[in-house]
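The block underneath contains the structure these notes are about, expressed in structure tokens.
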Amino acid sequence: DKWAGWKNHRLQVQVNATHMWSRILSGVINDGLIFSAATIHSSATRQEMTDRINANRGAYNVYLRRANGSDSLITRPISTADFAAPGASVGTGRLQRLDMRFGEDGLQNNEVPFVPTWSWNSTLYYGFKNLGVQLQYNYTGAQYSEFFNLKNETADGGLGRLPAFSTFDASLQYHFGPGKKGRWQAMDIFISGKNLGNQLFRAGRLHRNESGIMVGGFRMITIGVSCKI
């Protein structure tokens, strides 16, 4: 048989892909943290928020802090000067709170936070007799971390879009049969590597502006032996 020589070879290919389309359809969200004293806006986030709020003023209710400590709704265009200075308290006359209105008369294209549009992983496995080799590629698309859908990142790392990232993994395994004189029934020796490119990426944001970035990545190599006695 011309295929007899291939009986010890095994090849497997697996691909899993997920596409998620998300939109906030309706409702009003009050965001009291986006102008918080703990949020250190960069020049890019101040400009992005100013431009987007002024371009669709009817979708946002913007409040300033009064001298008596209460919030005052304003209808005028805002400017980057309305933001509190980095590291300073919001204070009187500075932006304090933001209401976002979603739906037909408001924001219609904002995405749900932490929902990447695309994510997938693909695996290639090759085995020959007792030897097995596996390669894996993982991808997670870009995703927003709050309802305003900030594209830029604040200076403290607490707000902003999380960029897409990908990682490569690999593993090698060899299976031994029963040992001499019945000392063991089966034994496997393996080595596996996670994130072989040692890519660091923004995996998430912890408690928004209170804890900054949750970092993912770092290469990890594992060597082990599994023995059945």
Notebook entry, point to check: How close do Ala59 and Gly106 get, heavy atom to heavy atom, and via which atoms?
Noted result: CB-CA, 3.9 Å

Check: Who are the salt bridge (charged side-chain N to carboxylate O under 4.0 Å, His left out) partners of Arg219, not counting sequence neighbours?
Finding: none

Check: Going by atom types alone, do Thr45 and Asn152 pair a side-chain donor with an acceptor below 3.5 Å?
Finding: no

Margin query: Please evaluate residues Leu95 and Val62 with respect to the criterion side-chain contact (heavy atoms from CB on, under 4.5 Å), reporting the C-alpha separation (whole Å), side-chain torsions for both, the decisive distance (0.1 Å), and the verdict.
Written below: CA-CA 7 Å; Leu95 297 174; Val62 182; 3.4 Å; yes

Next item on the list: Might you point out which heavy atoms bring Arg76 and Leu64 nearest each other, and give the distance in Å?
Entry: NH2-CD1, 3.7 Å

Margin query: I'd like to check Ile24 versus Met100 (side-chain heavy atoms, cut-off strictly below 4.5 Å). Are they in contact?
Written below: no

Next item on the list: Under the salt bridge (charged side-chain N to carboxylate O under 4.0 Å, His left out) rule, collect the residues that match up with Asp99, sequence neighbours excluded.
Entry: Arg97

Name each donor-acceptor pair under 3.5 Å that joins a side chain in residues 118-135 to protein atoms two or more places apart or in another chain, with its distance.
residue: Thr123; atom: OG1; partner: Gln136; partner atom: NE2; Å: 3.2
residue: Tyr126; atom: OH; partner: His9; partner atom: ND1; Å: 2.6
residue: Asn130; atom: ND2; partner: His175; partner atom: O; Å: 2.9

Item checked: Separation between CG of Asp169 and CG of Asn195, rounded to the nearest 0.5 Å -> 7.0 Å

Next item on the list: Mind listing the closest non-hydrogen atom pair of Leu196 and Ala170 along with its distance?
Entry: CD1-CB, 3.7 Å

Margin query: Nearest 0.5 angstrom please: Ile189 CD1 to Cys227 SG, how far?
Written below: 9.5 Å

Check: Under the side chain to side chain donor-acceptor pair (under 3.5 Å) rule, what pairs show up with a residue in residues 101-112, not counting sequence neighbours?
Finding: none

Check: What's the shortest heavy-atom distance between Tyr144 and Leu150, and which atoms?
Finding: CD2-O, 3.6 Å

Item checked: ring-ring contact (aromatic ring centres under 6.0 Å, His included) pairs, two or more places apart, involving residues 51-71 -> Tyr60-Phe148

Checklist line | Partner set under salt bridge (charged side-chain N to carboxylate O under 4.0 Å, His left out) for Glu153, not counting sequence neighbours | finding: Arg202, Arg205

Margin query: Please report the interatomic distance CD(Gln96) to CG(Leu73), rounded to the nearest 0.5 Å.
Written below: 13.5 Å

Checklist line | Which atom of Gly204 lies closest to which atom of Leu162, heavy atoms considered | finding: CA-CD1, 3.9 Å

Item checked: Working for side-chain contact (heavy atoms from CB on, under 4.5 Å), residues Phe114 and Gln143 -> CA-CA 5 Å; Phe114 298 108; Gln143 53 193 302; 3.8 Å; yes

Check: Heavy-atom distance under 4.5 Å between the side chains of Gln47 and Thr80, does that happen here?
Finding: yes

Item checked: Verdict with reasoning, Asp71 to Arg65, per salt bridge (charged side-chain N to carboxylate O under 4.0 Å, His left out) -> CA-CA 5 Å; Asp71 299 336; Arg65 174 55 57 86; 3.2 Å; yes

Notebook entry, point to check: If Ile, Leu, Val, Met, Phe, Trp and Tyr residues are connected whenever their side-chain heavy atoms lie under 4.5 Å apart, and connections chain through other members, are Ile29 and Val115 in the same group?
Noted result: yes

Next item on the list: Considering non-hydrogen atoms only, spot the tightest contact between Asp82 and Arg94 and give its length.
Entry: O-CD, 3.2 Å

